[in-house]
Amino acid sequence: MVFHAFFFFISFHFIFFFISFFRRGFFLGSPFILLNYKTYLQGTGHSAVEIAKACRAVSEESGIEIAVAPQLPDIYRVASEVELPVFSQHLDGVGAGSFTGHVFGKCIKDAGAVGTLINHSERRLTLAEIEASLKAAKEFGLRAVICTNNVPTTAAAAALGPDYVAIEPPELIGSGIPVSKADPEVVSGSVEAVAKINPGVKVLCGAGISKGEDLRAALDLGSQGVLLASGIVKAADPRAALEDLISLI
Ligand code: G3P
């Protein structure tokens, strides 16, 4: 009897494993969701904390890692009040010294950030600057997400060795049209390019992602998570929008 119960238990998990495998393609880990607040009014100041609390609640009930990237002056406030990973929207490759108006790695780290975006479409950098920002992120132990706009730039970014690359076709950003459906080739092409160049780098995709089916499609294309903004930050109920986003995982 005990043997039969054990056999049933093992078979069930075996079948579940294969169903998950085929549904998710090559990716079996838990996805990473990074919510960029940009300069949206709905994600500024006190609202930055409220959205972070919604992310924390959904992350806790689902076990999915959800991080937020508020505006720089809100990093300390969010990181102090909510227990969840906080990213910077930008980082400069500067050290301590005469660099007025720059974002210094130690400062955002001390403010509570655990990672940073680099080269977002709305904050483009030169290749040399990307490399310098990445070096600064590594120096201060910050997780680095380099944003890219097509397969060749994704390949170049992966060669630099960040933790993540995030492919976002600029024309789809803020459009409500999900990259995972409108341009699936740019996502699968990026996944393939990164696997060849630097398999240790994880691939996120973004632009127009807001619904459960958009995230599901992104994962099925081999990405390991999403970078998103307007669909959640501007939603009337960000928590409900997040719950919808993860509903098909
Ligand atoms: O950083 C995320 C972003 O650029 C995508 O924006 O509004 O299309 O989700 P959105």
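Within the 4.5 Å cutoff, no side-chain heavy atoms of Ser59 are placed close to those of Ile64. Counting heavy atoms from C-beta outward, Ser210 and Ile232 have side chains that stay 4.5 Å or more apart. For the pair Val165/Leu204, no side-chain contact is recorded, criterion being any heavy-atom separation below 4.5 Å from C-beta on. Contact check for Asp92 versus Phe99: no side-chain heavy atoms found under the 4.5 Å cut-off. Side-chain atoms of Ser88 and Ile75, non-hydrogen and from C-beta on, do get closer than 4.5 Å to each other. Side-chain atoms of Cys147 and His120, non-hydrogen and from C-beta on, do get closer than 4.5 Å to each other. With contacts defined as side-chain heavy-atom distances shorter than 4.5 Å, the pair Asp74/Leu72 does not qualify. Looking at heavy atoms from C-beta onward, Leu35 lies in side-chain contact with Cys55 at the 4.5 angstrom threshold.
Both Val58 and Val86 sit in one connected hydrophobic cluster of ILVMFWY residues. Membership requires side-chain heavy atoms under 4.5 Å apart, directly or through other members.
With no hydrogens or angles considered, no side-chain donor-acceptor pair links Ser80 and Arg77 at under 3.5 Å. Between the side chains of Glu168 and Thr148, no donor N or O sits under 3.5 Å from an acceptor N or O. Using modelled atom types, one finds no donor on one side chain facing an acceptor on the other under 3.5 Å when comparing Glu185 with Ser188.
Applying the salt bridge (Lys or Arg N to Asp or Glu O under 4.0 Å) rule to pairs touching residues 47-71 yields Glu50-Lys53, Arg56-Glu60, Glu61-Arg239, Glu65-Arg143, sequence neighbours excluded. Pairs of residues two or more places apart, or lying in two chains, that qualify as ring pair (Phe, Tyr, Trp, His ring centres under 6.0 Å) and include a residue from residues 145-183 are Phe32-Tyr164.
The heavy-atom pair separating Val114 from Pro85 by the smallest distance is CG2-CB, 3.8 Å.
Side-chain atoms of Asn198 never come within 3.5 Å of backbone atoms of Ala159 as a donor-acceptor pair (strictly under, hydrogens ignored). Side chain of Tyr37 to main chain of Ala48: a donor-acceptor pair is present (N/O by atom type, distance under 3.5 Å, no hydrogens or angles).
Test Gln89, Lys38, His90 against Glu122 for side chain to side chain donor-acceptor pair (under 3.5 Å) and you get one pass: Lys38.
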Test log, rule side chain to side chain donor-acceptor pair (under 3.5 Å), inputs Gln71 and Thr39: CA-CA 7 Å; Gln71 291 164 64; Thr39 57; 5.6 Å; no
Might you work through the side-chain contact (heavy atoms from CB on, under 4.5 Å) test for Leu228 and Ile33, ending with a clear yes or no? CA-CA 8 Å; Leu228 77 171; Ile33 295 172; 3.7 Å; yes
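Using a 4.0 Å cut-off between charged nitrogen and carboxylate oxygen, Glu213 and Lys181 count as a salt-bridge pair.
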